[in-house]
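To keep things clear, I will list the structure first and then write my remarks on it.
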Number of protein chains: 4
Amino acid sequence: MRVAGSNRDETWKRVRAAGVDLLYRHGFEAMNTRQLAEAAGLKPGSLYYYFASKEEFLHRLLVDLLDEIIVDLEQNLDGLQEPVDRLDAYVRTLVRWHVVRREETFIASIEVRSLTHDRQEAYMRLRDRFDVILADILRDGAADGVFDLTHPRITRNAILSSLTAISSWYDPAGPFGLDVLTADFLELARRMVGLRSAG
Amino acid sequence: MRVAGSNRDETWKRVRAAGVDLLYRHGFEAMNTRQLAEAAGLKPGSLYYYFASKEEFLHRLLVDLLDEIIVDLEQNLDGLQEPVDRLDAYVRTLVRWHVVRREETFIASIEVRSLTHDRQEAYMRLRDRFDVILADILRDGAADGVFDLTHPRITRNAILSSLTAISSWYDPAGPFGLDVLTADFLELARRMVGLRSAG
Amino acid sequence: MRVAGSNRDETWKRVRAAGVDLLYRHGFEAMNTRQLAEAAGLKPGSLYYYFASKEEFLHRLLVDLLDEIIVDLEQNLDGLQEPVDRLDAYVRTLVRWHVVRREETFIASIEVRSLTHDRQEAYMRLRDRFDVILADILRDGAADGVFDLTHPRITRNAILSSLTAISSWYDPAGPFGLDVLTADFLELARRMVGLRSAG
Amino acid sequence: MRVAGSNRDETWKRVRAAGVDLLYRHGFEAMNTRQLAEAAGLKPGSLYYYFASKEEFLHRLLVDLLDEIIVDLEQNLDGLQEPVDRLDAYVRTLVRWHVVRREETFIASIEVRSLTHDRQEAYMRLRDRFDVILADILRDGAADGVFDLTHPRITRNAILSSLTAISSWYDPAGPFGLDVLTADFLELARRMVGLRSAG
DNA sequence: CATGAATGAGGTTTCATTCAT
DNA sequence: CATGAATGAAACCTCATTCAT
């Protein structure tokens, strides 16, 4: 009962894309594997040729995304020494991800709870790297005297959460493009760390 | 079969408290009415004397909370004219709610999706008031020349989301009390609107 | 959607009886919860008001039966000192159980494999008591010189398995009643332990 | 896509051996064709070059085994006239099979239920030959006055089931070798038919 | 008000099997 | 012969909800 011309990679792309769409629109628990299968052009049971469980599917989506972001972030920070430059690169990177891969970053921000306890912990540990990287930038900038922070931990959370939230309100059909958004968040972040705008 | 000493209001409080706890810990879809009943000292069927459906229960929680916050917010803004003062009051109010009623505000931020389409829309319309109030403050401050905004809509979203996120990371057992948090967020908000700190 | 006049104990009896029948006729894996529910006059989901899983249901059946048999066996052995008398009582008891509760003992003999590893181990430990009791009888009889055994362990296994197998071949509609069967097995067991028949 | 060096007979042997192992350890219903394929170094679909269905596979295993045993048994009985000698040969043969091909005889004893109704009947008819052969031996011995039986059918079932059960308790790593076991069962069978041991 | 008993709809997952390649 | 991709049927189980008592 094989469908002619079918191909593992192609099908997986369809499953993944369908999954992102459904997770974005309905959420993990509200979405079901029947919808997922139908959207991917499969029968429900066939999905299990692509993942071991619905939850593992979510996990893979989230971890793959996180891995991609971290690699990109580290590349973009590579070679930059000055805290200001590093902060800029950090903001620029996160804004882009939350705009360009809006659906996935939104899913990631909201569906971590749906992971198994163990996988949730593992994911959190991975995600902590964002915190640590930003924390280091803030610490260095404060030590250099170029940043004027209140409590670093609070500032960090505020910056990070305002970035993360982009995927929840940004409307690609709206008035702002990636450029505008990036420029604004660069400015906002600089202000939050007590830096006078360059301009 | 009336249990001696049972009392509508008392029981409802137990149901509500149990619901908040379960929603906070597990989320709406992952929580079930068996757990809710048990935590409230009832049998599942009895819950339906207190709500018409699980989803209606969530709705009531969210709407009641939102109503309370809006009333409080409007009271705290009442009489204040200056944009700076109004911004301060706005921040102060939201920080407090997100700390003191952390669990409920967290639920609200994450479980709106679990509402029926209709109720979701109604809830969103109500919640838009926060946006509007803050938007007005920013607009007035910019018109007065005391605020130096990039794009108001972006600044507003950034401020609001950093406030809303508090309930997701704040740890009551951690190093910061409500005072510290409030002071910091006041400062951060002022910076974000381009106001030089008073101090 | 409660059925009028329904009652937990009555329903459980129906479920249990239906389960025994299905397990006897089809075996655990070949039987399904739909059949079980239908035979018990319930919908499939309702079964889970009576057990936590299909496997737990089997487990309960097996353990309850074993407990009953052990209690009965110990009662029947109580007060008997002579190995011959104890052997007789042992055989008499087991023959009766394998005839009177033929279906259940048959299930027990064949479906232990369907239990979870853990429950299987626990069950086996419980079941070992039969072995131990018989082993003790044989040992004492041999020590007294009234039994003439080859290897006790082999004799024990042969006796026990010939008793256990009764439930697999005994036909209640056949020519032998419990009395005949008991008399024959008493004689066979005596012969197997090398005892000259009394008659 | 023919794998170099692949060979129908060799592969079949691997499939068969893997099947015996899995059936012995997990049972027919609990074993699945994925495991079977993997253990045989194939992909699931390829199995169907070796059998038409999982159940047919089991059937072939059981029937082939039974055929082998019957041939062997008839050979070993061939030429023997005396009931005692024939009984000895019968016991000797069955003990050996249940020790040497322990896994397969165990499977046969327990998985007949998993066969289709039709195949089950056919198998049973074949297996009845064991009964008949033993029944004949007992009848002749009783007629000759060398056996002292209670009810022949009961004795026959007891002897046969104690032999068949060997595969379920015999431990090749244990204290008894085939010789000991054979000697003991010869003695036990003689006792069961009321014959005084030669030795 | 509350419970006890059950429903019914739907969920995820398993698995023998098929068939184009 | 063998694999890769998928099917389809059915399995167990969960859960919000109902309603007689």
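Numbered from 1 within each chain, the chains take letters A, B, ... in sequence-line order.
- Proximity of C:R8 to the phosphate of E:dA5: a side-chain N or O atom is located under 4.0 Å from OP1 or OP2.
- Nearest-nucleotide positions on DNA chain E place C:L47 closer to the 5' end than the other of C:L47 and A:F51.
- Rounded to a whole Å, the NZ atom of C:K54 is 15 Å from the P atom of F:dA10.
- Within residues 14-31 of chain D, the residues having any heavy atom under 4.0 Å from DNA chain E are, by residue number, D:M31.
- Look at D:T33 and you won't find any side-chain N or O under 4.0 angstrom from OP1 or OP2 of E:dC15.
- Closest to the side chain of B:T11, from the set F:dC12, E:dA2, F:dA6, is E:dA2.
- Annotation: side-chain contact (heavy atoms from CB on, under 4.5 Å) contacts of B:D21 (sequence neighbours excluded): B:R25.
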If you write DNA chain E from 5' to 3' in dot-bracket form, with Watson-Crick or G-U pairs under 3.5 Å, [ ] for crossing pairs and | for pairs with another strand, what do you get?
.||||||||||||||||||||
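- Distance from the side chain of D:Y49 is smallest to F:dA2 among F:dA2, E:dC1, E:dT13.
- Across residues 34-46 of chain B, B:R34, B:G45 each have a non-hydrogen atom less than 4.0 Å from an atom of DNA chain F (numbered order).
- Every pair passing salt bridge (Lys or Arg N to Asp or Glu O under 4.0 Å) that includes a residue from residues 8-20 of chain A is listed here, sequence neighbours excluded: A:R16-A:E104.
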Side-chain atoms of residues 34-52 of chain C: list all donor-acceptor pairs with protein atoms under 3.5 Å, sequence neighbours left out, distances to 0.1 Å.
{"unit_1": "C:Q35", "atom_1": "OE1", "unit_2": "C:N32", "atom_2": "N", "d": "2.8"}
{"unit_1": "C:S46", "atom_1": "OG", "unit_2": "C:K43", "atom_2": "O", "d": "3.3"}

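- D:L65 places none of its side-chain heavy atoms less than 4.5 Å from the side chain of D:L61.
- Annotation: side-chain contact (heavy atoms from CB on, under 4.5 Å) contacts of A:S167 (sequence neighbours excluded): A:H98, A:R102, A:T105, A:F106.
- Every residue meeting the side chain to side chain donor-acceptor pair (under 3.5 Å) condition with D:R113, not counting sequence neighbours, appears here in chain and number order: C:E111.
- The CD1 atom of D:I70 sits 11.0 Å away from atom CD of D:E68, with the distance rounded to the nearest 0.5 Å.
- Listed by chain and number, the residues in a side chain to side chain donor-acceptor pair (under 3.5 Å) with B:S168 amount to none (sequence neighbours excluded).
- Listed by chain and number, the residues in a side-chain contact (heavy atoms from CB on, under 4.5 Å) with B:A30 are A:E29, B:H26 (sequence neighbours excluded).
- Considering only side-chain N and O atoms, D:Y48 lies under 4.0 angstrom from the phosphate OP1 or OP2 of E:dT17.
- Residues forming a side-chain contact (heavy atoms from CB on, under 4.5 Å) with A:D64 (at least two apart in sequence, or on another chain): A:R60.
- In this structure, CD of A:E10 is placed 12 Å from P of F:dA5, rounded to the nearest angstrom.
- Toward the 5′ end of DNA chain F lies the nearest nucleotide of A:Y50, the other residue of the pair A:Y50 and C:A52 mapping further downstream.
- Under the side chain to side chain donor-acceptor pair (under 3.5 Å) criterion, D:T116 pairs with D:E55, not counting sequence neighbours.
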